[in-house]
Structures are given as C-alpha cells and as structure tokens.
**Q** 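One structure coming up, written as structure tokens, with questions to follow.
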Amino acid sequence: EDKVVQSPLSLVVHEGDTVTLNCSYEVTNFRSLLWYKQEKKAPTFLFMLTSSGIEKKSGRLSSILDKKELSSILNITATQTGDSAIYLCAVFSGGSNYKLTFGKGTLLTVNP
Amino acid sequence: DVKVTQSSRYLVKRTGEKVFLECVQDMDHENMFWYRQDPGLGLRLIYFSYDVKMKEKGDIPEGYSVSREKKERFSLILESASTNQTSMYLCASSSTGTGGETQYFGPGTRLLVL
C-alpha cells in the first residue's frame, strides 16, 4: 500500500521566518510528487516534481525532490501571515486511474 | 483556468436522509474524484471515475455511492446519512495523459449530519 508521511503535522512561526516542510513516501512505481496549499477551502496546486535534484521555485516558495531518500521538501522564505495554510503533499504512482496518495498535511501558522 | 464547482458550501442534514453532493468541472477532464477531509486523517479517496458511467471504489467507499451520467458532472450520494459522515467533502478533476496527475479541486462542501 502506498504511503505518504508529512512532517511536522503543525508548525507555528513568526513573520519573516524561513520554514521547511517535509514529505516522505513509500510507493510502488513512483512517477511524480505534488505539493498543494489549502487555505479555507480548495487545495490549490503549487508544484509537481518528477526529477531528483531539480528545484522548482515560485516567489518565496521552492521545492526539491530527492528520489534516493524518497522525500521532498517545501521551503518558504520570509514567511507572511498569508502563508498560513495546510500544505499537502501527494504522490502519483502511475496507472491509468490517475489516483493520488495524499499525506495528512502540515498546518502552518504564521503569526505577525 | 480550470473551474470545479460544488453545489453547496455548507449543508445540514438529519440522520437517515439521502444526501446528494454535486460537482461540475468545465475543462472536459476525463477523471473526477470525491474525497473527504477530516482533522488528523487528511484527504481520503471515496470514489473516482475515469469516464462517463465508469466508477471505481477508493479507500473508504462504504456508505457512499456515485453517479457520472455526463462527463462534466460527478455526484456523490449518501444513501442514508449518518453522524460519522459529518465532514468536508472535496471534489477534484484531472485530465489523462501528460500532466494528468495534477488534480484541480472544488471549494468543498462542509456537511453536518445531526
């Protein structure tokens, strides 16, 4: 059974701090790893990673995949209160049904 | 932009009632998914569909059924609602082929069963 574990489960920081969120996985036939941000409602897509060592970046957010360690990190620099959200990691292990296996998420709270 | 809409943002039902949650996507996606999200448990897949009239059970299908009569619409049905089905329900869709693993989510329906 495919498994995705995120850590920490929750995190409280102050504005301006840098945070690192972790995602590790055990899946058969890994194809890609996705990060989502969920505020009050729908998860919104952040990144998809398929290749080890290549950083994806969007503003203050960046993510990298390590296939040897079966893990990924999501970094957020100079955090703002608007970064407060649940960050979800999901893994796609191929197959014609396009199912994703999600981790339980990391709840990030950024205090002013 | 992909748009996924859900029929209700909030819903309150009584135990034993039949409940319909509807999801519509406007991007001609083949795949559609229903999840429930509970604190400490994350997103759990209830059912998914990869084509009209096709459906497959996810990880927690008990107590639910689905219907996909048209490509753009995927309905989740609670035949006889129970209090343990109080949850946030999220619908998602995705295409097939390259990039198909990226799922696009609706705003969610928060269901309370009394």
Side-chain angles (χ1 to χ4, degrees), chain A residues 1-10 21-25 27-51 56 58 63 65 72 85-109, chain B residues 1-6 8-10 23-25 27 29-51 54-61 66 68 74 88-110:
Chain A
E1 187 182 323
D2 294 346
K3 194 174 167 185
V4 176
V5 177
Q6 292 185 245
S7 64
L9 289 181
S10 66
L21 310 183
N22 300 285
C23 176
S24 63
Y25 59 89
V27 300
T28 51
N29 194 29
F30 172 88
R31 296 281 293 277
S32 57
L33 184 144
L34 294 86
W35 284 98
Y36 285 85
K37 176 183 180 183
Q38 185 180 20
E39 297 174 82
K40 296 274 185 217
K41 39 186 184 174
T44 52
F45 173 73
L46 293 174
F47 299 114
M48 184 172 74
L49 305 159
T50 54
S51 301
K56 291 255 178 130
S58 175
S63 184
L65 177 66
S72 173
I86 297 171
Y87 290 85
L88 296 165
C89 173
V91 170
F92 175 58
S93 54
S96 59
N97 52 37
Y98 290 88
K99 281 171 59 180
L100 293 176
T101 301
F102 281 87
K104 293 183 180 179
T106 293
L107 174 61
L108 174 65
T109 303
Chain B
D1 269 359
V2 176
K3 194 161 181 190
V4 182
T5 56
Q6 294 182 229
S8 308
R9 291 298 307 278
Y10 301 95
C23 175
V24 177
Q25 49 93 5
M27 283 303 291
H29 283 169
E30 290 81 6
N31 306 312
M32 296 187 75
F33 306 83
W34 274 107
Y35 296 89
R36 63 178 283 176
Q37 185 176 31
D38 301 286
L41 297 176
L43 265 75
R44 293 181 292 166
L45 181 65
I46 305 171
Y47 266 97
F48 64 99
S49 168
Y50 51 88
D51 202 352
M54 305 302 287
K55 61 186 179 185
E56 281 198 32
K57 292 180 181 178
D59 302 317
I60 50 162
V66 290
R68 190 152 180 217
F74 192 33
M88 167 73 103
Y89 290 88
L90 288 163
C91 174
S93 73
S94 71
S95 63
T96 54
T98 305
E101 57 265 58
T102 305
Q103 292 183 13
Y104 298 89
F105 285 84
T109 295
R110 197 168 285 282

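Just so it is clear, the structure is predicted and the values come from calculations on it, not from any experiment. Quick note on labels: first sequence line is chain A, next is B, and so on, each numbered from 1.
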**Q** Once side-chain contact (heavy atoms from CB on, under 4.5 Å) is applied, do any residues pair with A/Leu49, and if so which ones, sequence neighbours excluded?
**A**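 Result, side-chain contact (heavy atoms from CB on, under 4.5 Å) vs A/Leu49: A/Leu33, A/Trp35, A/Lys56, A/Ser63, A/Leu65, A/Ser72.
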**Q** For chain B, which of A/Leu107, A/Leu34, A/Leu88, A/Thr44 has the most heavy-atom pairs under 4.5 Å?
**A** A/Leu34
**Q** Can you tell me how the ring of A/Tyr36 sits relative to the ring of B/Phe105, calling it parallel under 30°, perpendicular over 60° and tilted otherwise?
**A** perpendicular
**Q** Please classify the contact between B/Glu30 and chain A as side chain, backbone, both or neither, with a heavy-atom cut-off of under 4.5 Å.
**A** neither
**Q** Could you tell me whether B/Arg110 atom CZ has more than 12 heavy atoms of other residues or ligands within 6.0 Å of it?
**A** no
**Q** Looking at NZ of A/Lys41 and CE of B/Met88, how far apart are the two atoms once the value is rounded to the nearest 0.5 Å?
**A** 10.5 Å
**Q** For A/Tyr87, check side chain to side chain donor-acceptor pair (under 3.5 Å) against everything at least two apart and list the hits.
**A**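 Expected list: none.
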**Q** Can you tell me which portion of B/Arg9 sits under 4.5 Å from chain A's heavy atoms? Options are side chain, backbone, both or neither.
**A** side chain
**Q** Answer with side chain, backbone, both or neither: which region of A/Gln38 has an atom nearer than 4.5 Å to a non-hydrogen atom of chain B?
**A** side chain
**Q** Between CG of B/Asp59 and CG of A/Asp2, what distance do you get to the nearest 0.5 Å?
**A** 9.5 Å
**Q** For the CD atom of B/Gln103 and the CZ atom of A/Phe102, what is their distance to the nearest 0.5 Å?
**A**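 Output value for this atom pair is 5.5 Å.
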**Q** Kindly compute the distance separating CG (A/Leu100) from OG1 (B/Thr102), expressed to the nearest 0.5 Å.
**A**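 Taking CG in A/Leu100 and OG1 in B/Thr102, the distance rounds to 8.0 Å.
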**Q** Show the nearest heavy-atom pair for residues A/Ala42 and B/Gly106, with the distance to one decimal.
**A** CB-O, 2.8 Å
**Q** Which bit of B/Leu45 comes within less than 4.5 Å of chain A, counting heavy atoms only: side chain, backbone, both or neither?
**A** side chain
**Q** Heavy-atom distances under 4.5 Å only: say whether A/Leu9 touches chain B with side chain, backbone, both or neither.
**A** neither
